[in-house]
Amino acid sequence: MNILTDTSVDSISTDETDHLTGDLLEISMGPQHPSTHGVFRMNVTLDGEQVVKLKPVFGYLHRNHEKIAETESYLGCMPYTDRLDYICSITNNWAYALAVETLAGIKVPERAEYLRVITGELTRLQNHAGLIGFLMQDMGASGTPLMYAFREREKILDLFEALTGARMMCNYMRFGGCRCDLPAGWLDGAKKVVEGFPKFLDEFESLLKTNEILMARTQGVGIVTKAQAINAGLSGPMARASGVDYDLRKVDKYGIYERFNFRVPLGEVGDVYDRYMLRVLEMRESVEILKQAIRDLPEGPIMDPGTKIRGFRPKAGEAYGRIEGPKGELGFYLISDGSPNPYRYRVRPPTLINLTLLEDMCLGHNVADIVIILGSIDIVLGEVDR
Amino acid sequence: MLGEGIVKGLAETARNFFGSYVNKERLTTVQFPEERLPQIEATRDFPFLVYDGTDPEPGLRCVACQICEKECPPKCIYIVKSADKKPDATGKAQFYPAQFDIDISVCMSCQICVEVCPFDAIKMDVEFEMSSEDRFGGLLLDKYKLAKSNEYYNKIHPTEAGAVDAALAEERAKAKLAAEAKAKKDAEVAAAKAAAAAAPPPPDATPALAAETPAPAVATASGETK
Amino acid sequence: MNLEEIKSQIEANVPGCRLEIIPNGSPSGQHSLLVDVEHGFTVASFLRDGATPRFDFCSNVTGIDWPVKEVSTKTKVKKIVDGVEKEVDEVVKSQTGGYLEVVYHLYSIEQREGPVVLRMRTEDRAERVHVPSLTPIWRSAEFQEREAYDLFGILFDGHPDLRRLLMWEGFVDHPMRRDYVDPDDYEYEPTAHDDVLKRAQAHRPAQEGGL
Amino acid sequence: MFETIDQIFVLIKHWLLGYVPGMAQPLISAILSVVPVVIAFPLLFAITTVLERKGLGRMQNRYGPNRTGWFGILQPMADGIKSLTKEDIVPRTADQLVHFLAPVVMVIASFLVYAVVPLGRNMVIADLNAGVLFFFAIGSMVELSVFMAGWSSHSKYSLLGAMRAIAQMISYEMPLVLASVVVIMAAGSLSTVTIVNMQAGYTGIWPHWYVFTPWGITGFIIFMIAATAESNRCPFDMPEGESEIIAGYFIEYSGFKFALFFLAEYLGMFATSAMAITFFLGGWAAPFSFLTWIPSYVWFFGKLLTIICAFIWVRGTLPRLRMDQLMNFAWKFMLPLSLINIVGAGIWHFMPAGFTRWGVVSLLILLSCVLLSRGLRRNKWFHVRTYRFAS
């Protein structure tokens, strides 16, 4: 079996092999693997099909985002944040804008806050829809749920294009507000999409909710307890599936989230099924928020008139701003030394930190389970590797 | 009963299977080269340079101020400022870009150049079929490839272009008024030298704002009158 | 929740530790607590288990590089110049920085409080770059400390698995340091007008000759 | 007239054989029987690939292939040309000979089983009196070639895939055979032709298919589930599991060898479907007595296409099971149920005809089905959950 042993740098030694039960099999899942959601690699040691060791290997998509940002102006960093988690660029914009606003003490006009909530929640919808589709794809459902999810996601991306000009790299927010106001008829389109969305969720649920194969595959797989989740810094739906009641929209009440009436679903077990169901439930809550926000959207300016976008120089100091991104707590930590470029620009990537417990979750499970556990974490390599 | 959920799922896919034949909502695919989606007005991909009038050479609004070059996050714009001034579409002497290149293989379509441009000279295009066999040269657009007329801009982004044109017209009208006032004053002051100052200014190429005003004016051609 | 309160709580419970509140000049008002390296671990475990509120959630861990920087401050001093007393500007030059810093952003999920910003500083930027690892206390620091080690070269004592995270094994430098210089031997994507291209071109003959 | 159309292939064969000297007749006769089958089924494979891709596409709200030829009819030709012109890559460390032989063995085995499949009235290549036995014996050769492919590739993924495939195929061979035992009991013969003939009669307009008995329908369902697993179709496609072990045992194959695996897989699926038709759906027999004028082979291929469509439908809907769950299902549900089904068939045989035996046998099978599924469901992790919300 020597040839079958990986000899790469971070390969795991198999010295402790018990010769009575045979050799361990070491496989490298990724960086070229259809289910690692990008160029992610896991060095997996298998006993038969059971995982006895798993080491994630990062950095295949590393481009030193933080270093690039140190050479850019505060405005120039904004389009780069789109490319962190390229599925939900608008919430990345929001987190960065929030951090800069905290750093410089900028007030955001009310209409802009509403626009942020609307676009941000639409982002959450399309992210979660895509994720549950991909999770089913990882489970082997030959694309059908994924295509249904994408059909729905497409409508939201069309809205983004009509508003910001781009489907994914929106570059929509600015510190002090938003870049552009709604075009004519946009709100009606958004209303239609939002009202049609629960229909898609119902369809998706009747396709899969009571499916025996889905339940057998996902329940009891990749369990994270509440204490583990808090200690490992899990955030977003990952933490809430384990029963951690921590939604930054409720806790920090950033923006205008305290005005909206919505609930935070919590899981009991913390397995893949809970993570999947939580996303479905969160989508329903997001639809509620969107309905309220579209109803209440006030007129007014969308940019703080006192904020200078170009040549922006905040006072020396530092700030940590965080929002509840679709994937978890997305934070930006900025240090200013008074120059037009940030002295230090740090992204707190939710998906990287959610991966902390990957090995713990996978141990003792099968190869097939690794794939769905990874799928349920919802990683985007643009953000993990930055 | 075992299999209930499976049967439900089968019913759902069957519904979608037949639905895709009768319901246009279900079959959203667009057969691309033959069918095309209607152009969304806000769509953006790569920048282009707007020129007024019919000839791009004098009509380019760009005055090579190089703000976009500085602000461009991936640094894909390359500008060489001209040494001399040439009259632009309105007839005023302006600096112009001797060279204006955008490497669209580097450009990330963030439209920050559009936002920072004080002269409404650079705008976002919607043309996306730009594949080229030459990986480097073919994707490096010079100012002749980048220059597109204001009519084209009006066609692709009607609302935005309308607003820009209105603002520009207002600026020009203001500039004209100011220049007329100034010319009048000059005329009064220089009444003695009647031949030199009394000549009426050309209708379009009216001298404009004072040079120190940073407003998005097309031109600051006060040098002409002085 | 007040940073002063937490400071006094820590001082009462962790004897001998040196704490300092670093003020934050920005409107965010997120002041931070500088902890000495020797007591960093004890202070952190007290914050997680003993403090009120308990800071059970470590959100963000990152490194910052502060290279030696000369700061000149102008002060007006009365001096006797040429026998006459005059008010003269005197420039006092002082050095700041010269260390690497680790920042932890702590929150309390139970009490919904935070953030408490915890900082630790290494002695210098070259050799003595050790700080205690807080991974045994907060698991969430595991990858982030690895990243700080990778990108800044901060050594975390007590980290269970301190390897590079984003750069590959065998990479020598730490790219997030302020004085980092690109090795200049990557396969650059040629771009017209790019100074990168020029550098790459300038580098190529040397590389071909050298290898 | 209808008789002639029904027997047209047989008549053509006999007419052609008339020109052949007596000594060569057995050989030519064999060739004349084999060649149409070897042509017809790959053709069906081509049609199925288009059908599958278009059907899946429609289920997923998209068009599917529609660019090559009219409505994408020529897509399999394009695929075939593509795979023929692709480079044939053999890993350096692979066992070259076995690596080459594996797809060949698989295709040969897949073709051999068609020898006993009655495609229409008087249309069978070889009417063996142990035809069913032949079918299962040759069918298990596929396992050999799968293992050859998995082992010789010298890749970890292919090894995993081969191990999964062997475990799965051997486990599901059991219920597959046991489900067909009821038919053999009823027909009293191992010959496929006899089995079909036994089902060819009608009561009124209703046919005598075995599927219209309680043990028949149970046997049919078990047979179809096992056939899905045997032919590595979704939701039992673990040996390939493209999201887990990428392509399983044929991960290291490319070009035409890959296409051969693909072909063999579909041929295997057709063969087991054809056997299910033969055993339970009356083979080439028409479903109603007034429809017997339609040629028998049309009925056979019609039924085959229907079953293929069902396969595609299932594939478009279900996610994949996990290996251990798959094994549990085979050994704890399928196997006991097929054994009970045999008992049921026995009871049926010895009870007088009428509603009583319908009731007794149905009750027996239903009861055991419920009990067995409860046994599977006893697992703690098998419930629809409700969720609470934070206050």
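In what follows, every chain begins at residue 1, and chains take the letters A, B, ... in the order their sequences are listed.
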Hey, which of D:Leu372, D:Leu56, D:Asn66 has the most heavy atom pairs under 4.5 Å with chain B?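 The option with the most such pairs is D:Asn66.
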Minimum heavy-atom separation for [X] to [Y], with atom names?
X        : Y       : value
B:Phe32  : D:Arg67 : N-NH2, 4.3 Å
D:Arg58  : B:Leu27 : NH1-CD2, 3.3 Å
D:Trp313 : B:Leu10 : NE1-O, 3.0 Å

Atom [atom1] of [X]: over 12 foreign heavy atoms under 6.0 Å:
X        : atom1 : result
D:Phe389 : CZ    : yes
B:Glu170 : CD    : no
B:Glu129 : CD    : yes
D:Met77  : CE    : no

Under 4.5 Å heavy-atom distance to chain D, tell me which part of B:Tyr21 shows up: side chain, backbone, both or neither.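 Both parts, backbone and side chain.
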Between B:Gln31 and chain D, which part of the residue has a heavy atom less than 4.5 Å away: side chain, backbone, both or neither?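 Both parts, backbone and side chain.
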To the closest 0.5 Å, what do you measure between CZ (B:Phe17) and CD (D:Gln60)? 11.5 Å
Based on non-hydrogen pairs under 4.5 Å, which of B:Thr28, B:Thr13, B:Asn16 is most in contact with chain D?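 Counting heavy-atom pairs under 4.5 Å, the top option is B:Thr13.
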